[in-house]
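Following: one structure in structure tokens, then a few remarks.
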Amino acid sequence: MGGLDDLLAESNERWSRAMKKADGVEDVGLGQAVTTYFSRYFPAGILALLMLGTAGGILLFGTAPAVWTNYVSVGFLLATVGAFVGGLTYNAKKVAPAVRLNTVDVLFPLTDDERKNINAQIAGKAPLDREHLPVARAGAVQRRKGLATQLIVLPAYLFMIAAQMLGWGGRGDPFLWLWELIIVVAIAAAVLLIRDFKQTARFLAATCES
């Protein structure tokens, strides 16, 4: 029995540490911060950068129909830089303050299997462990924060891929299909990120009074 008692003591110690890290962890507006970015700042900024970059491309390459992909790709490259810089700035000023975290990793004290179970609970694929619910909620907030950051910077990667694809297309490169495949995969990844972001919101809403 000594071995079992030791295992139980270790488990209790891990969860006790995780509960302490989870204390005070809270989402205080991540959804609103992400919505505001994509409904207000992102469209206006990216449209201006695309137009400015495309105009610069016209000045650089001329207006011949054969090179239209070149100057449009310049617009996407400028949009890439703007999306990176603007996204990271917004993330630091608006997204990061929209969550209260006491530590970098709330689930660090737990084993891999325990962390997987927490993630399965958040996804609705495992029964809710009400005894350790604060840890699961803190894990959801932590995950939601990471997803929010990824969503904010993801457009920069999409613009970069689009710029490369246009450049290859303008040269008639036979491997253009590879970039087309990459952008399809990137869009699929964006859809999954949005799904997971909404999933964490549903979990937090469903457990807020549990």
Side-chain angles (χ1 to χ4, degrees), residues 18-53 75-110 115-116 118-124 133-163 182-183 185-210:
M19 291 286 277
K20 289 179 180 178
K21 289 178 177 291
D23 185 39
V25 174
E26 187 179 0
D27 180 339
V28 291
L30 277 173
Q32 185 59 50
V34 172
T35 299
T36 298
Y37 178 74
F38 283 108
S39 63
R40 185 182 304 174
Y41 300 108
F42 177 80
I46 292 305
L47 179 60
L49 289 171
L50 282 172
M51 293 175 63
L52 181 62
F76 275 108
L77 284 174
L78 187 58
T80 297
V81 176
F84 265 124
V85 175
L88 291 175
T89 301
Y90 186 87
N91 182 71
K93 291 184 176 295
K94 297 295 184 180
V95 174
V99 62
R100 295 170 183 160
L101 285 175
N102 300 325
T103 180
V104 175
D105 188 357
V106 174
L107 306 182
F108 177 74
L110 305 179
R115 285 193 289 269
K116 288 177 182 178
I118 290 290
N119 289 327
Q121 290 180 54
I122 296 170
L133 182 58
V135 177
R137 284 182 55 81
V141 171
Q142 177 180 281
R143 183 178 180 184
R144 188 165 165 79
K145 164 62 169 58
L147 291 169
T149 299
Q150 292 177 59
L151 284 171
I152 292 295
V153 300
L154 179 64
Y157 292 100
L158 295 177
F159 291 142
M160 181 172 61
I161 294 170
I182 290 173
I183 201 166
V185 171
I187 291 172
V191 172
L192 292 177
L193 282 176
I194 294 170
R195 182 204 65 180
D196 291 346
F197 188 72
K198 291 181 176 180
Q199 193 175 67
T200 56
R202 287 194 295 268
F203 175 81
L204 291 170
T207 59
C208 64
E209 296 181 357
S210 300

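The structure presented is a predicted model; accordingly, all values stated were derived computationally and were not measured.
- Distance CE/Met19 to CG/Asp23: 9.0 Å, rounded to 0.5 Å.
- In terms of heavy atoms, Val25 sits closest to Leu101 at CG1-CD2, 3.5 Å.
- Here the side chains of Val95 and Lys145 are in contact, with some heavy-atom distance below 4.5 Å.
- Between the CD1 atom of Ile122 and the CD atom of Gln142 there is a distance of 9.0 Å, given to the nearest 0.5 Å.
- Atom CZ of Arg144 and atom CZ of Phe203 lie 12.5 Å apart (nearest 0.5 Å).
- Judged by distance alone, the side chain of Tyr90 and the main-chain N or O of Ala33 form a donor-acceptor pair under 3.5 Å.
- Taking the six-membered ring where the residue is Trp, the centroids of Phe38 and Phe42 are separated by under 6.0 Å.
- Distance check: Leu158 CG to Ile182 CD1 gives 12.0 Å after rounding to the nearest 0.5 Å.
- Under the 6.0 Å cut-off for aromatic ring centres, Tyr157 and Phe84 qualify, their centroids lying closer than that.
- Contact of the Gln121 side chain with the Ile118 side chain is registered, since non-hydrogen atoms from C-beta on lie closer than 4.5 Å.
- Looking at Leu78 and Leu50, their side chains never come closer than 4.5 Å, going by heavy atoms from C-beta outward.
- Here the NZ atom belonging to Lys116 is positioned 13.5 Å from the CG atom belonging to Leu110, to the nearest 0.5 angstrom.
- Scanning both residues, Asp105 and Leu107, for their nearest heavy atoms gives OD1-N, 3.0 Å.
- For the atom pair CG of Leu133 and SG of Cys208, the computed distance is 10.0 Å after rounding to the nearest 0.5 Å.
- Remark: the backbone N or O of Phe197 is paired with a side-chain donor or acceptor of Thr200 at under 3.5 angstrom.
- Not a single donor-acceptor pair under 3.5 Å links the side chain of Arg100 to the backbone N or O of Val28.
- Counted within 6.0 Å of NZ on Lys94, heavy atoms from surrounding residues, nucleotides or ligands total 12 or fewer; the atom is thus considered open.
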